[in-house]
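We name chains A, B, ... by the order of the sequence lines, and we start the count at 1 in each one. Given the structure is predicted, the values throughout are model-derived calculations rather than measurements.
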2 protein chains.
Amino acid sequence: MAIQIRQTRQKEAIRNAFLKADRPLSPEEALGTAQTEVEAVSIATVYRNINLLVAEQWLIPVEIPGESTRYEVAGKEHHHHFHCNDCGKVYEVEGCAVPVKTKLPKGFRMTGHEFFLYGTCAACR
Amino acid sequence: MAIQIRQTRQKEAIRNAFLKADRPLSPEEALGTAQTEVEAVSIATVYRNINLLVAEQWLIPVEIPGESTRYEVAGKEHHHHFHCNDCGKVYEVEGCAVPVKTKLPKGFRMTGHEFFLYGTCAACR
DNA sequence: TGAGTATTGATAACGCGCTTTCAAGAGCAT
DNA sequence: ATGCTCTTGAAAGCGCGTTATCAATACTCA
């Protein structure tokens, strides 16, 4: 028989952290938000639940150059990310301004693209 | 007095590795290429010399999401990078097809951008 | 309510990229 | 060629993000 999945306060708090945030969170950020809801959540539990949520495709990983992986809830429209050089937070930028017809070398096939913006966010100015 | 800089076979082989490659190399890749020229080069020497070359701005670091840092010779025209999902190599893609006028949230200031292409390179198809 | 077992917290351990250590080797000025 | 000292190789060490360990806790179902 399959192992049964249980609801726990920690799991709920971690899911809520991602739902409340309108931007991709690092495990550390998710921990901080979850702890405002449930007093004691450990970083190990955050990592465990992130992995579960990624496996069931409720979360998707967002990899940023030179940064640790962030996670955001799945199912959003195509968008890109803005990385604040001051506070390190990653924000979502709506739309895709990329005309995906860059000239590739012969024989190359493109299957996807990522576009990152860098700068200073409103809170840091 | 300032410490004197010496020319060595290893240093020359590492520089040549980057000159020969028309794409950004990881330290491991640079090691492989350098070893075809000088029998014994250690990875420590590759890292040491990469750091020296970055400090004197002969090399510039290229950070790829989820990958270790690559390095390419400085002074090239504005371009972006293609990451092969099969072999992991990073290639250069000429030109910048990005109309940088994405609508940012209010108060955000953009200072730069990065554009990555993903797919399969000619050698892997 | 109580039994059975999935989940948690605290912490040790891991992997990987990178740096440091130090004795041996080798440029460079003389 | 000689000597000074910068550079190298091999391996240990480090930092950080992440995972494993294991006893204690707490869901869920009967």
On the nucleotide [N], are OP1 or OP2 found under 4.0 Å from the side-chain N or O atoms that [X] carries?
| X | N | value |
| --- | --- | --- |
| A/N49 | C/dT7 | no |
| B/Y47 | C/dC18 | yes |
| A/T8 | D/dA26 | no |
| A/Q10 | D/dA26 | no |
| B/T45 | D/dG9 | yes |
| A/N51 | D/dT18 | no |

Should B/E72 and B/R23 count as an ion pair when the cut-off is N to O under 4.0 Å?
->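 Between B/R23 and B/E72 there is no salt bridge, as every charged N stays at least 4.0 Å from the carboxylate O atoms.
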Going by an N to O cut-off under 4.0 Å, is there a salt bridge joining B/R9 and B/E12?
->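 Judged by the 4.0 Å cut-off on N to carboxylate O distance, B/R9 and B/E12 do not form a salt bridge.
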Just to be sure I understand the rule, does [X] reach a base, reach only the sugar-phosphate, or reach nothing, if contact means heavy atoms closer than 4.0 Å?
| X | result |
| --- | --- |
| A/R9 | sugar-phosphate |
| B/I5 | sugar-phosphate |
| A/Q7 | sugar-phosphate |

Donor-acceptor under 3.5 Å (B/T33 side chain, B/E29 main chain) |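 Yes, B/T33 side chain to B/E29 backbone: donor-acceptor pair under 3.5 Å.
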Expected output: side-chain A/K76 to main-chain A/E92 donor-acceptor under 3.5 Å =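 Side chain of A/K76 to backbone of A/E92, a donor-acceptor pair under 3.5 Å: no, none is there.
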Output the rounded distance in Å from [atom1] ([X]) to [atom2] ([N]).
| X | N | atom1 | atom2 | answer |
| --- | --- | --- | --- | --- |
| A/Q35 | C/dG9 | CD | C1' | 12 Å |
| A/R48 | C/dA10 | CZ | C1' | 10 Å |
| A/L52 | D/dT19 | CG | C1' | 13 Å |
| A/Q4 | D/dC27 | CD | P | 13 Å |
| B/E12 | C/dA26 | CD | P | 17 Å |
| B/I3 | D/dT8 | CD1 | P | 12 Å |
| B/K11 | D/dG9 | NZ | C1' | 15 Å |
| B/I43 | D/dC14 | CD1 | P | 20 Å |

A/R6 side chain, from C-beta outward: closest of D/dG9, D/dC27, D/dT7 =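 The answer is D/dC27, which lies nearest to the side chain.
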Taking the side chain of A/T69 as its heavy atoms from C-beta onward, which of C/dT20, D/dA20, D/dT18 lies nearest to it?
->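 Out of C/dT20, D/dA20, D/dT18, the nucleotide with an atom closest to A/T69's side chain is D/dT18.
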Only one of B/Y118, B/F115, B/F116 forms a ring pair (Phe, Tyr, Trp, His ring centres under 6.0 Å) with B/H80, so which one is it?
->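 Going through the options one by one, the only one that passes is B/F115.
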